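In what follows, a structure is listed as structure tokens, so that the remarks can point back to it.
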There are 2 protein chains.
Amino acid sequence: MAKKLTFGGRLRELRLAKKLSQRELADKVASRLKEDDRRGFDFTYLSKIENDRLPPPSTPAILALAAELDADSDELLALAGKAPPDVGDELRKKEGARVFFRSATQQNLTEAEWQRLQAYLERMRKEGK
Amino acid sequence: MAKKLTFGGRLRELRLAKKLSQRELADKVASRLKEDDRRGFDFTYLSKIENDRLPPPSTPAILALAAELDADSDELLALAGKAPPDVGDELRKKEGARVFFRSATQQNLTEAEWQRLQAYLERMRKEGK
DNA sequence: ACCGATGTTGAGTTGAGAGTCAACATCAAT
DNA sequence: ATTGATGTTGACTCTCAACTCAACATCGGT
């Protein structure tokens, strides 16, 4: 059975795979963030996060990390227990999405059932095009 | 065309429909919150929120308000621009859910399409039972 | 005219999220 | 044994969301 990774553990994996030091990665992330955000990203902060001594960083920081590491931002956001920002927007704007989400979570669907829904969505798309 | 309500406006509607004063409602919400949370809920705060002079309150407070007013918490959360609290959890646990919402969001579905999905989900449930 | 209930406002407080900074430990290479 | 690069840690800071508090305005009832 696959080992269950924490956010920090996965982040370290990804960083090492890219052969970056904490300082390098933190600096790159910091410059990505400085552009719009006013927050920084120190390498000592990264260290604590990798060791799960602090909770995962903010959503913008996670997105910057994923971008820098060519990683799947949804995976990291999920490990951090946060919803992707655009999914959040969709739920905020579309009542239908909200209703759907409510029923889906209440039914506690299996992976197979999610895949069926995915397939149906796929069919809808083709037909609609 | 239906008038577009703000969070504050809708909240006031709901409160008046229940014939509660700001003090009464705020007190009830406060006692609901005190149980787990350490935050309060003052009537003057409620006043400002109803007049949209302050942003909507925290998610726990919105949930308590909805419960006290027998209102739909998803509606209030949506008006407040917040995602329902369990979104992160569901997406964390089920990869299928993540993939599904990603595609659905990217396709920018209409309300009608969300309803079709909802109908399909309904069918799945009946058949699976 | 007064009183109690209700609602509004400006100023102030507080706790937590999101980091920073200085100092130290470890290790490989020279 | 020194140096340079890397990682770890504890203590601190800073900002802002989320409120509270005291004071005042308005209005209906008596």
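Below, chain A is the first sequence line, B the second, and so on; all start at residue 1. Excluded from the calculations below are hydrogen atoms, water molecules and symmetry mates; all remaining heavy atoms, backbone and side chain alike, are included. Treat the numbers as computed from the prediction; the structure is a model and nothing was measured.
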List, one per line, each side-chain donor-acceptor pair under 3.5 Å for residues 39-48 of chain A, sequence neighbours excluded.
unit_1, atom_1, unit_2, atom_2, d
A:D42, OD2, A:T44, N, 3.0
A:D42, OD2, A:T44, OG1, 2.6

Notebook entry, point to check: When you check every protein heavy atom under 4.0 Å of nucleotides 14-30 of chain D, what one-letter string (B, S, -) results, 5' to 3'?
Noted result: ----SBBBB--------
Checklist line | Atom pair distance, as rounded to whole Å: CG in B:D52 and C1' in C:dT9 | finding: 15 Å
Item checked: By ring pair (Phe, Tyr, Trp, His ring centres under 6.0 Å) - contacts of B:Y120 (at least two apart) -> A:Y120
Do any side-chain atoms of residues 84-96 of chain A form donor-acceptor pairs under 3.5 angstrom with protein atoms, and if so which ones, sequence neighbours left out?
unit_1, atom_1, unit_2, atom_2, d
A:D86, OD1, B:R102, NH2, 2.9
A:D86, OD2, B:R102, NH2, 3.2
A:D89, OD1, A:R92, NH2, 2.9
A:E90, OE1, A:K94, NZ, 3.4
A:E90, OE2, A:K94, NZ, 3.0
A:E90, OE2, B:W114, NE1, 3.2
A:K94, NZ, B:N108, OD1, 3.0
A:K94, NZ, B:L109, O, 2.8

Notebook entry, point to check: Starting at the 5' end of DNA chain C, which residue's closest nucleotide do you reach first, B:R53 or B:R15?
Noted result: B:R15
Notebook entry, point to check: Going by heavy atoms in the side chains, are A:L65 and A:P57 under 4.5 Å from each other?
Noted result: yes
Check: Who pairs with A:K34 by salt bridge (charged side-chain N to carboxylate O under 4.0 Å, His left out), at least two apart in sequence or on another chain?
Finding: none
Item checked: Presence of A:N51 side-chain N/O under 4.0 Å of D:dT8 phosphate oxygens OP1/OP2 -> yes
Notebook entry, point to check: For D:dT8, does either OP1 or OP2 sit under 4.0 Å from a side-chain N or O belonging to A:Q22?
Noted result: yes
Check: Starting at NZ of A:K19 and ending at P of D:dG7, how long is that distance when rounded to a whole Å?
Finding: 13 Å
Notebook entry, point to check: Which nucleotide sits closest to the side chain of A:S21: D:dT6, C:dG7, D:dT8?
Noted result: D:dT6
Item checked: Pairs meeting criterion ring pair (Phe, Tyr, Trp, His ring centres under 6.0 Å) with involvement of residues 59-98 of chain A, two or more places apart -> none
Check: Taking CG from B:L25 and P from C:dG7, how many angstroms apart are they, rounded to a whole number?
Finding: 10 Å
Next item on the list: Return the value, rounded to whole Å, for the distance between atom CG of A:L46 and atom C1' of D:dT9.
Entry: 14 Å
Margin query: Please report the distance, rounded to the nearest Å, between CZ in A:F7 and P in C:dA18.
Written below: 12 Å
